[in-house]
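All remarks here apply to the structure that follows.
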Amino acid sequence: MTASVPPAPSGYPENVAEEPIGYDPSAVEARWRQRWADRGTHRPDLAKGEDPFYALMMFPYPSAEGLHVGNLFAFTGCDIYARFQRLQGHTVFEPLGYDAFGIHSENFALKVGVHPTELIPRNVANFRRQLDRAGLMVDWSRSVDTTDPAYYKWTQWVFLQLHKQGLAYKKAAAVNWCPTDKTVLANEQVEDGRCERCGTVVEQRFLEQWFFRISDFAGRLLDNLDTLDWSPTTKQAQRNWLGRSEGAKLRFRVVDPLTAAGSSAVAVTTEVVLKGTEIEVFTTRPDTIFGATYLVLAPEHPLVDGLTAPAHQSAVRAYRDRAAKQDLITRKTNKEKTGEFTGAYAVNPATGDLIPVWIADYVLMEYGTGAIMAVPGHDERDHEFALKFTLPIVRVVAGEGQTARSPVIAEAYTGDGVLVNSGQFDGLGVEEGKAKVTAWLAGRHAGEAVTNYRLHDWCISRQRYWGPPIPIIYCDDCGTVPVPEADLPVVLPFIPDFKPDDSGISPLARHEEWYRVACPTCGKMGRRETDVSDTFLDSAWYFLRYPSVPRTDVAFDAAITKKWLPVTTYIGGNEHAVLHLLYARFITMVLHDAGMLHFEEPFTKFRAHGLIIREGAKMSKSKGNVVNPDDYIDQWGADSFRTYLMFLGPFEEGGDFRDAGISGVKRFLDRLWASVRDRTAAGAPDPEVLRKLAATIKKVGEDTPALSYNTAIAAMMEYMNTLRKGERPSHVQEVEPLVQLVAPYAPHIAEELWEMLGHKESVMDAGWPKFDPSLLVSDTIELVVQVGGKTRGKIVVPKSITQDAALAAARADASVGKFITGEPSKVILVPGRLLNVVL
RNA sequence: GCGGAAGUGGCGGAACUGGUAGACGCGCGGGACUUAGGAUCCCGUGCCGAAAGGCGUGUGGGUUCGAGUCCCACCUUUCGCACCA
């Protein structure tokens with residue numbers, strides 16, 4: 001690590017020549033932290049402030065390890081954006097809080113054996129200390145802590161609003177159960193069949209859970225994406241997650257094989273059960289229905305029991321039991337096809353053929369209808385299954401060079417083509433076939449076109465302690481009763497034994513003194529819901545709370561909300577591209593539909609920042625390459641650290657953190673310091689320097705709002721280099737605007753220098769420097785000269801030069817002219833840019 | 001497998017609608033100042049070549065007066081989703 005510069009005495013040097021160039025960040029930064037707090041520099045007047053700009057960053061969960069450099073990277077990037085907007089004249093509100101409920105916090109508390117009610121405040125205090133040093137323009141008078149009853153009172157209120165609208169419901173469901181964390185996980189929290197948090201293989205369990213009907217909003221959540229100014233990668237991730245599929249629901253009538261001709265060999269099924277039974281399947285390929293040679297139901301499908309023939313019952317039951325016991329990872333990663341014939345048959349509505357009905361675990365109950373029509377000729381999975389169980393494979397699509405008779409034994413044909421072996425639809429293209437076949441089947445009441453989504457309802461129940469209790473009371477007489485809003489919050493009680501067990505019930509369920517409560521409707525003794533809600537619910541609405549924070553009687557103040565929301569710009573990590581951002585959009589839509597919000601999309605503009613890696617590798621404790629912001633701020637100061645973080649790569653892509661790089665940024669700030677200190681007001685500013693200054697103001701003013709912080713910093717450094725070329729003290733007019741440009745990046749030193757320049761107000765209220773655009777236009781230009789496409793040099797010519805004159809000038813030029821050896825066959829002049837002479 | 005992003009000096013990274021490739025910074029080389037310097041300041045720094053000049057943006061083709069940028073094929077890395085019918 002490079003040694004730090006010699007310390008400079010604070011205050012202004014009297015003997016300039018003797019002073020070291022470096023400044024002492026710790027003194028400067030401490031002084032301005034204090035002044036900002038004293039003066040309320042970061043507390044906008046939300047009621048009166050004009051031209052509001054709500055700059056939001058994703059709030060952190062306060063881990064015991066303290067602030068991660070990745071947090072600081074994100075916060076600094078957002079802070080620069082916010083400060084820039086303030087310099088443009090906006091009233092900027094930049095809040096920050098703590099997402100302190102949830103499994104991550106609770107697990108850590110369990111690990112170290114400290115109760116979360118003790119641990120979390122400690123972590124929060126540490127975070128606050130670290131954040132204070134970072135120089136963020138955060139309005140700490142309006143913060144949130146999701147574990148504060150004054151906050152989660154309103155989280156519970158949000159739950160009640162959904163409940164009131166019928167969007168919260170309870171059902172027994174197969175859920176993902178993590179045996180280590182001893183809790184239910186949302187589908188989103190399971191990766192490859194393992195708990196996203198601890199990596200344990202997830203089991204299936206059946207529990208009563210609360211769900212939100214987010215899937216009802218899938219279409220809107222998808223369609224609205226087109227109207228949002230969001231990072232394309234984030235939008236794409238949401239689209240994938242919503243998983244829209246256009247297709248058809250088709251119905252297959254189950255028949256009694258005895259009445260079906262030529263089926264005497266198959267087992268008898270119960271006609272009573274089968275009468276009128278239809279199996280509904282979802283398919284994206286209705287055009288291939290003539291090739292549907294069997295049906296497959298998910299093992300859990302409710303129709304399985306009823307249609308299984310007596311002779312097949314024991315085998316089917318055995319298969320179902322096996323599938324039910326199997327954990328999700330085996331089921332989803334073991335692609336070897338298994339299945340069992342039910343003995344039942346159904347009628348293919350297109351061909352009229354009897355086709356067998358199977359069950360197999362490659363069909364998932366949670367997607368579509370839990371049943372498929374199998375088209376082994378044109379689906380890889382069905383093909384594999386048909387080969388294994390010797391089921392018929394029929395070609396119904398012919399691609400290039402294929403005919404109706406081309407076999408599809410080697411592999412399924414999934415490409416485009418025309419329909420064959422499909423009756424009156426022969427010869428149609430696949431796309432046309434989909435529409436026509438669907439319409440035909442609809443006319444025969446055998447199906448209809450349908451849009452299907454992959455998105456599932458949001459399971460919000462958690463059998464844990466560290467979360468807001470779900471505000472529901474169960475009464476023997478009145479049933480499920482929501483806690484009246486006036487009784488909120490349902491306070492999470494202090495219980496020493498918060499450790500979860502594998503009973504499937506929350507730790508709160510062990511505390512009768514807490515859950516025994518009078519029914520709000522009839523007064524009879526009832527029982528509280530003992531599950532708490534998912535952390536993602538806490539964070540699905542926090543941005544609505546910030547601006548209204550002083551008020552305790554409402555979740556959000558109507559007038560303030562009208563003025564400050566939706567959020568102007570949201571900056572955060574793409575790891576939350578689907579979960580948090582989708583849930584926040586959903587909750588906003590629900591509250592909008594309830595008439596409580598005037599907008600249905602919470603984040604007008606969202607930008608995903610990149611990730612910081614360390615010397616080519618991800619930072620992790622096991623690798624021992626984690627950057628602790630404190631150490632760097634101690635050594636270099638927050639301004640240098642901030643600026644370095646922004647300089648090491650494009651903000652939206654992240655970058656590689658290398659210790660060696662910081663010295664260059666510190667050097668830049670030192671030079672800036674020295675330039676201001678040594679400034680003079682005597683004489684006139686250098687016109688060339690002023691021209692460069694104008695170009696720099698322009699570039700930094702364009703790059704900063706585009707989040708191209710790295711190139712904005714480079715431009716400021718470049719200008720600094722120009723300043724230093726003069727070998728004389730800089731003129732005050734040459735350096736003063738640079739202080740304003742630097743302010744969003746290095747706010748402490750900017751304030752200090754602004755004061756040194758004689759200003760009384762904060763540099764954050766100084767506005768953005770103006771420049772004279774006419775300085776940037778010139779009568780002459782440097783024209784690049786190419787000969788035969790090869791660059792040979794450049795010549796200075798009048799801006800409006802003609803092609804002939806440019807050619808003559810090029811010929812006359814000593815360095816370039818020698819390459820133009822003959823008569824050009826072609827001459828190209830790109831005005832203002834280049835001349836290409838083709839010989 | 002499907003979908004997205006990206007491959008540029010020793011390193012991090014610049015390059016607007018095709019128009020001087022390598023800005024800025026690190027590192028490295030040389031020099032100045034110094035008892036000293038790992039501080040500061042100055043000069044240099046894509047590769048080959050003494051030079052003229054040549055070669056250079058993952059690979060191979062193509063379009064163009066001109067390609068890091070556009071088109072085709074491939075290689076590599078990386079991030080999402082993944083038996084989603």
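Protein chains get the first letters and strands the later ones, always in sequence-line order, with residue 1 at the start of each.
Going from atom CZ of A/Phe651 over to atom C1' of B/A14 covers 19 Å, rounded to whole Å. With rounding to whole Å, A/Glu653 atom CD is found 8 Å from B/G13 atom P. One can place NZ of A/Lys337 at 10 Å from P of B/C83, the figure rounded to the nearest angstrom. The distance from atom CD1 of A/Ile662 to atom P of B/C26 is 12 Å, rounded to the nearest whole Å. Rounding to whole angstrom units, CG of residue A/Asp656 and C1' of B/G13 are separated by 11 Å. Between A/Lys388 atom NZ and B/C83 atom P the separation is 18 Å, expressed in whole Å.
If you check every strand for non-hydrogen atoms under 4.0 Å, A/Tyr719 touches nothing. Contact annotation for A/Ser825: no contact, since no heavy-atom pair falls under 4.0 Å across all strands. Contact annotation for A/Gln786: base contact, defined as any heavy-atom pair under 4.0 Å involving a base atom. Looking at heavy-atom distances under 4.0 Å, A/Glu782 makes contact with a base.
Remark: the A/Thr711 side chain and the A/Asp703 side chain contain an N/O donor-acceptor pair separated by less than 3.5 Å. In this structure, a donor-acceptor pair under 3.5 Å is present between the side chains of A/Asp24 and A/Ser26. Donor-acceptor pairing under 3.5 Å is lacking for the side chains of A/Tyr745 and A/Thr76. Remark: the A/Tyr362 side chain and the A/Asp382 side chain contain an N/O donor-acceptor pair separated by less than 3.5 Å.
Using a cut-off of 4.0 Å between Lys/Arg side-chain N and Asp/Glu carboxylate O, A/Glu702 and A/Lys698 are scored as salt-bridged. Between A/Arg320 and A/Glu340, none of the side-chain N atoms (NZ, or NE/NH1/NH2) sits under 4.0 Å from a carboxylate O, so this pair counts as no salt bridge.
Shown here, B/G44 forms a base pair with B/C28; the pair counts as Watson-Crick or G-U wobble because both key distances fall under 3.5 Å. Checking B/G9 for Watson-Crick or G-U wobble geometry (two distances, each under 3.5 Å) identifies no partner in any strand. Base pairing analysis places B/U20 opposite nothing; no Watson-Crick or G-U wobble pair with both distances below 3.5 Å involves it. Checking B/G56 for Watson-Crick or G-U wobble geometry (two distances, each under 3.5 Å) identifies no partner in any strand. Summarising the base pairing, B/U64 is matched to no nucleotide, lacking a Watson-Crick or G-U wobble pair whose two defining distances lie under 3.5 Å. The base-pairing partner of B/A14, taking Watson-Crick or G-U wobble contacts with both distances under 3.5 Å, does not exist among the strands shown. B/U35 is unpaired under the criterion used here, namely a Watson-Crick or G-U wobble arrangement in which both key atom distances are under 3.5 Å.
B/G9: glycosidic angle within 90° of 0, hence syn.
For the pair A/Arg667 and B/U40, the criterion of a side-chain N or O lying under 4.0 Å from OP1 or OP2 is met. For the OP1/OP2 pair of B/U40 and a distance below 4.0 Å, the side-chain nitrogens and oxygens of A/Arg724 include no atom meeting the criterion.
Comparing A/Asn710 and A/Ala714 by the nucleotide of RNA chain B whose heavy atom lies nearest to each, the residue mapping closer to the 5' end is A/Asn710. Residue whose closest nucleotide on RNA chain B sits further toward the 5' end, between A/Val838 and A/Ile713: A/Ile713.
Of the candidate nucleotides B/A14, B/G54, B/C24, B/G54 has the atom nearest to the side chain of A/Lys790.
Between the P atoms of B/C48 and B/A52, the separation comes to 16 Å (whole Å). The separation of B/A5 from B/A21, taken at their C1' atoms, amounts to 23 Å, rounded to a whole angstrom. Here, B/G4 and B/C72 have their P atoms 13 Å apart, quoted to the whole Å. With P as the reference atom, B/G68 and B/G60 are 14 Å apart, rounded to whole Å.
For A/Gln236 against B/G80, a side-chain-to-base donor-acceptor contact under 3.5 Å is absent. Between the side chain of A/Asn836 and the base of B/C65, at least one donor-acceptor pair of N or O atoms lies under 3.5 Å. Side-chain N/O atoms of A/Arg833 and base N/O atoms of B/C16 include a donor-acceptor pair closer than 3.5 Å.
Contact of the A/Tyr23 side chain with the A/Asp670 side chain is registered, since non-hydrogen atoms from C-beta on lie closer than 4.5 Å.
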